[in-house]
Amino acid sequence: MDKTYRPRDIEQAHYARWEANGYFKPGGHGEPWCVVIPPPNVTGTLHMGHAFQDTIMDALTRYQRMCGRNALWQPGTDHAGIATQMVVERQLNAEGTTRTALGREQFVERVWKWKNESGGQINQQLRRLGASVDWSRERFTMDDDLSAAVTKVFVSLFDEGLIYRGKRLVNWDPQLHTALSDLEVLQEDEAGHLWHFRYPFADGEGYLVVATTRPETMLGDSAVAVHPDDERYRHLIGRDLMLPLVDRRIPVIADDYVDPEFGSGCVKITPAHDFNDYEVGKRHDLPQYNIFDDNAAINDDAPEVYRGLDRYVARERIVADLDALGLIDKIDDYERKVPRGDRSGAVVEPYLTNQWYVKIKPLAEPAIEAVETGRIRFVPDNWSRTYFEWMNNIQDWCISRQLWWGHRIPAWYDDAGTIYVAASEDDVRRKYDLGKDVALRQDDDVLDTWFSSALWPFSTMGWPQQTEALKAFYPGNVLVTGFDIIFFWVARMIMMGLKFAGDVPFREVYIHGLIRDQDGQKMSKSKGNVLDPLDLIDGVDLDTLLEKRTRGLMQDHLKPKIEAATRRQFPNGIEEYGADALRFTFAALATTGRDIRFDLGRIEGYRNFCNKLWNAARYVHMNTEDVGSAEPEFSSADRWIRSRLHHAAAAVHEHFARYRLDLAAQAIYDFTWYEFCDWYLELSKPVLQADDASAELKQGARRTLADVLEAVLRLLHPIMPFITEEIWLQTRQRAGVEGDTIMLRPYPLAADFAADEDAESEIEWVQQFILGIRQIRGEMDISPGKALPVLMQGTTDTDNALAERHAALLQRVGRVESVRALDAGEEPPAAATALLGDLRLLVPMEGLIDVDAERQRLAKQRDRVQADLERSRAKLDNPKFVNNAPADVVTKEQARITEFERQLSRFAEQLEKLDRL
RNA sequence: GGGCGAUUAGCUCAGGGGUAGAGCGCCACGUUGACAUCGUGGAGGUCGGUGGUUCGAAACCACCAUCGCCCACCA
């Protein structure tokens, strides 16, 4: 092995071999285990959120696979209707043509071409991350069989009356010219105005003042509403107003919806352009005046002067015209929610159109019950409340989109507009018994992308065919996703799964946090704080990073700021950390239910951990080259590290079971660094490097080194697949294990390594001894190379036995020259002191040690113990404590007092001795 | 308006009714044949505030403060 760990030398080759050998496929044995990837947009590239999520899924999958499960991680991509159509349309525009010029058929062909040539970049990036998805099962939401599943679900919901078509107000994106579901609309606070207009009464006497944030919609007003109990206006209910500029008579109506406290207490009602007004209009049977066209410009039903004007141009004109008529009461500044499309960013318009809807309540009810009864469990549990909150107030789902890229709705119309729904035109004719003479036209709309995503857990398994995969891997065990997607996807999968696949789609939903930057900011292009996971793996120089962060910025003026911030944070670009360090960082940060600040300090620390492991392996290899034929004899240290590994493995299994990858990572890290490297490797040296150690003991140490290293690699593999594979391949013979890859080796069980209380307490004694001496050395500024003589005062038989048995360890690891117990009656010399229970370790001074410094050091330690003692005494002096606390707590407290008192008297003796010098 | 969460060392975060933890950073020392991407030692916190429950609260409860997120139709 090279002296230094270099991730780029090892990662890609191992992945290629794993993939070529089919190691990612379910092994076919053991209980099935399955997780489906949340299919990334086919247009997408890997961002930090993906990398985080995929690391979690990969760690879980590798863990389950090594635990002997028939494990499947199902990959694939989403056709992402709007996003993909936008990408290709942009290309067409750059070529000087348009989607409409091309026509539907050619455009769709063009998108397929783009998909086949440029789509799915993210799959290559997933490989760099080490994702052990079964590529042979890769699916795309518009594959033939998945599309067939979509059609089948649509037809069957329609036949059951759960899908209907209706003319209603929808969220209309006037830029993309499509309807959007409620979830795809983001409400943002934006500064605006509240205009107060005077609407004169039709009989010419007086006026009412109405307040609005959208003056242009007044062209579509069909009433003014007041609260029925509002004394100011009660007597005016039923009278008519004359709508200015339009000259339409509109009534004053009474409705509870009006808040008398707000504005003037009079609300203009525009049923065709506001969701509330739409409801009010229905209640009062008001006419709906649509004043917009598809672009949200004024249409031809409005007064001529405004026709063709964009909504905002019209707004200005209308305000000016009302002003000229003296009909403006006042204009206040006002902050209002502005609805914007999540893809286009355009202000969404409530707009009357024909759309397809899913009647959702009948589907929601069983889905709510599935979580209530625990058939599906959220991890952490509090997300179930968010889920219930939404599901209990769920609205019918608008599933039609006026796009060309997607699953075309399987509905046909005859010339009379009758709707026929079946899988194909032929099916329609058969099903509805229509002759060849009946002309049929297919609906132009496609389905919301999330409609097909909702079927993902079973459509990828071959549904509606009852495939082996469906039987084995549905329901999946867990879904791993972010909270932002609970409504979009999780809820809908649960509804569709229960309806069509006969069971919940997964048993548990692991919700992870959002990756933010080091300051807690969301990562976004416009903020210029985006980190590319690939840059963390491979490293990137400053110029490239600057270029990436400023290329294609929507707002050019942000560029200098982003550049400056980037230069400040990454003066030398980003170092190469490797996929394993990145993955370990994600795992270590994967605390549930909390956003995560991505801190470069962490990834650097974990890259160093890789290096530590690498070098520990080098040491092990160096010492296990010639494996002799001797029977191994295991020393206390050997048995100690095995026992520690027993506990570590048990802890890791517990943490995985609770999805606490952070704790699992921490447990392995601690064991590897602080027990295996810091202690065991050091404790093995005196044996392996001593001429007088027996061949059997040496063999015991060699075997232990190899066994423990090999097990650590397996423990670590789900989180760090590459480095563990690399080292493991070079370790396997030394550890006497078979296999072509660590991936398919069993995960270590606690039972594989014996717990050994005796060895643990023995080695703990050795550790305390050495730590005591190190502390003296460190604080007394004694050179680390100087071997110290140590005298023991107040030894028990055990102490004497341990000191003798482990003399070599104490000498070598503790840099101790000699260890000797004081004889009975022997006067201890002036010395620096460390306490080891009852035992005192004395390091004679003889010019080594500064008396005053030692006095101060001991006094400090004494004061600490004194403080502890006083706290304990106060407790025990309190009869309530003694009477009420559990007996073992009281006993423990008493024991502590005894111990503190003993230590204090030791300190006192030593200090007194120093004083006499 | 409804819901959820956070507040612990300089920074990023674990923990959890009985002794306050890690990484990074900081200080000192160090080329001991795995590792300076390292080793050894050290400094550093009245666990946001106030009340309550309890023998005992940083932890449980209530309220408050600050910050954040999600949902919702006040024109």
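We name chains A, B, ... by the order of the sequence lines, and we start the count at 1 in each one. Keep in mind that the numbers below use all heavy atoms, side chains included, and drop hydrogens, waters and symmetry copies. As the structure is a computational prediction, the values presented were derived from the model and not from experiment.
G39(B) and C60(B) have their C1' atoms separated by 43 Å, with the value rounded to a whole Å. Taking the P atoms as reference points, U32(B) lies 45 Å from G17(B), given to the whole Å. To the nearest whole angstrom, the two C1' atoms, one in G42(B) and one in G52(B), are 41 Å apart. A gap of 14 Å separates the P atoms of G48(B) and A14(B), to the nearest Å. As rounded to the nearest Å, C67(B) and U31(B) have C1' atoms that lie 49 Å from one another. Separation of the P atoms belonging to G41(B) and A22(B) is 12 Å when rounded to the nearest angstrom.
Between Trp614(A) and Tyr5(A), the ring-plane angle classifies as tilted under the 30° and 60° cut-offs. Trp673(A) and Tyr669(A) have tilted rings, their planes meeting at an angle from 30° to 60° on a 0 to 90° scale.
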Listed pairs, N/O of protein and of nucleotides 9-12 of chain B, under 3.5 Å:
from	atom 1	to	atom 2	distance (Å)
U12(B)	OP1	Arg597(A)	NH1	3.1

Give each protein N/O atom lying under 3.5 Å from an N/O atom of nucleotides 31-35 of chain B, with the pair distance.
from	atom 1	to	atom 2	distance (Å)
A34(B)	OP1	Lys685(A)	NZ	2.9
A34(B)	O2'	Asn615(A)	OD1	3.1
A34(B)	O2'	Arg618(A)	NH1	2.7
A34(B)	N7	Lys685(A)	NZ	3.3
A34(B)	N6	Cys677(A)	O	3.2
A34(B)	N6	Glu682(A)	OE2	3.3
A34(B)	N3	Asn615(A)	O	3.3
A34(B)	N3	Ala616(A)	N	3.3
C35(B)	O4'	Asn615(A)	OD1	3.2
C35(B)	O2'	Asn611(A)	ND2	3.3
C35(B)	O2'	Asn615(A)	ND2	3.4
C35(B)	O2	Lys612(A)	NZ	3.0
C35(B)	N3	Lys612(A)	NZ	3.0

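Atom P of nucleotide A72(B) and atom CH2 of Trp390(A) are separated by 9 Å, given to the nearest angstrom. As rounded to whole Å, 14 Å separates atom P of A75(B) from atom CD of Glu216(A). Taking atom CD on Glu389(A) and atom P on G2(B), their separation rounds to 11 Å, with Å as the unit. Taking atom CG on Asn393(A) and atom C1' on C73(B), their separation rounds to 13 Å, with Å as the unit. In this entry the distance linking CD of Gln861(A) with P of U19(B) reads 21 Å, nearest Å. Rounded to whole angstrom, the span from the CG atom of Leu663(A) across to the C1' atom of G15(B) amounts to 9 Å. We find that CG of Asp595(A) is positioned 8 Å from C1' of G68(B), with the value rounded to whole Å. Regarding Asp189(A), its CG atom lies at a distance of 13 Å from the C1' atom of A72(B), rounded to whole Å.
Each of Ala588(A) and Phe483(A) has a nearest nucleotide on RNA chain B; the 5'-most of these lies closest to Ala588(A). Taking for each of Arg896(A) and Ile782(A) the nucleotide of RNA chain B with the nearest heavy atom, the 5'-most of the two is the partner of Arg896(A).
In this structure, Arg660(A) reaches the G15(B) phosphate: one of its side-chain N or O atoms is under 4.0 Å from OP1 or OP2. Between Tyr674(A) and G23(B), a side-chain N or O to OP1/OP2 separation shorter than 4.0 Å is present. Asn608(A) has a side-chain polar atom (N or O) that falls below the 4.0 Å cut-off from OP1 or OP2 of C38(B). Contact check, Gln187(A) against A72(B): no side-chain N or O comes under 4.0 Å of OP1 or OP2. Distances shorter than 4.0 Å separate some side-chain N or O of Lys860(A) from OP1 or OP2 on A43(B). Taking only side-chain nitrogens and oxygens, Trp673(A) comes nearer than 4.0 Å to OP1 or OP2 of G39(B).
Look at Arg311(A) and Glu349(A) and you find a salt bridge, because one of the NZ, NE, NH1 or NH2 atoms lies within 4.0 Å of a carboxylate O, short of that distance.
The backbone N or O of Thr270(A) lies less than 3.5 Å from no partner atom in the side chain of Asp274(A), so there is not a single donor-acceptor pair.
The closest side-chain donor-acceptor pair between Asn393(A) and Glu389(A), if any, does not fall under 3.5 angstrom. In this model, a donor atom of one side chain and an acceptor atom of the other lie less than 3.5 Å apart for Gln689(A) and Arg812(A). Side-chain polar atoms of Thr481(A) and His512(A) form no donor-acceptor pair below 3.5 angstrom.
Summarising the geometry of Ile574(A) relative to Phe570(A), their closest heavy-atom pair is CG1-CD2, 3.6 Å, with the distance given to 0.1 Å. Nearest heavy-atom pair across Ile360(A) and Gln395(A) is CG2-O, 3.5 Å. Of all heavy-atom pairs between Ala581(A) and Thr585(A), the closest is O-OG1, 2.6 Å.
Within 4.0 Å of Gln666(A), counting heavy atoms only, lie sugar-phosphate atoms of the nucleic acid but no base atom. Residue-level contact check: Asn883(A) touches neither bases nor backbone, having no heavy atom under 4.0 Å from any strand. Residue-level contact check: Thr270(A) touches neither bases nor backbone, having no heavy atom under 4.0 Å from any strand. Among the protein residues, Gly265(A) comes within range of the nucleic acid bases, having at least one heavy atom under 4.0 Å from a base atom. Contacts of Thr386(A) with the nucleic acid, taken as non-hydrogen atoms under 4.0 Å apart, are absent. Within the 4.0 angstrom heavy-atom criterion, only backbone atoms of the sugar-phosphate kind lie near Tyr334(A); the bases stay farther away. At the heavy-atom level, Leu771(A) lies under 4.0 Å from the strands shown only through sugar-phosphate atoms.
Considering only side-chain atoms of Phe262(A), the nucleotide from C69(B), C71(B), A75(B) that sits closest is A75(B).
Looking at Arg168(A) and Tyr278(A), their side chains come closer than 4.5 Å, going by heavy atoms from C-beta outward. Annotation: side chain of Thr217(A) is in contact with side chain of Lys268(A) (closest heavy-atom distance under 4.5 Å).
Less than 4.0 Å separates RNA chain B from at least one heavy atom of each of the following residues of residues 863-877 of chain A: Arg864(A), Arg871(A).
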(request) Fill in the dot-bracket string of RNA chain B, one character per base: . for unpaired, | for a pair to another strand, ( ) or [ ] for pairs within the strand, taking Watson-Crick or G-U pairs under 3.5 Å. (result) (((((((..((((....[..)))).(((((.......))))).....(((((..]....))))))))))))....
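Take Lys892(A) and apply the side chain to side chain contact (heavy atoms under 4.5 Å, CB included) test, not counting sequence neighbours, and it matches no residue.
Here the straight-line distance linking atom CD1 of Ile723(A) with atom SG of Cys610(A) works out to 4.5 Å at 0.5 Å rounding.
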Listing, residues 675-686 of chain A side-chain donor-acceptor contacts under 3.5 Å, not counting sequence neighbours, or none:
from	atom 1	to	atom 2	distance (Å)
Glu675(A)	OE1	Arg644(A)	NE	3.3
Glu675(A)	OE2	Arg644(A)	NE	2.9
Tyr680(A)	OH	Asp638(A)	OD1	2.4
Glu682(A)	OE1	Lys685(A)	NZ	3.3
Glu682(A)	OE2	Lys685(A)	NZ	3.0
Ser684(A)	OG	Tyr619(A)	OH	2.7
Ser684(A)	OG	Leu681(A)	O	2.7

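In this model, a side-chain donor or acceptor of Arg607(A) finds a partner on the base of U37(B) within 3.5 Å.
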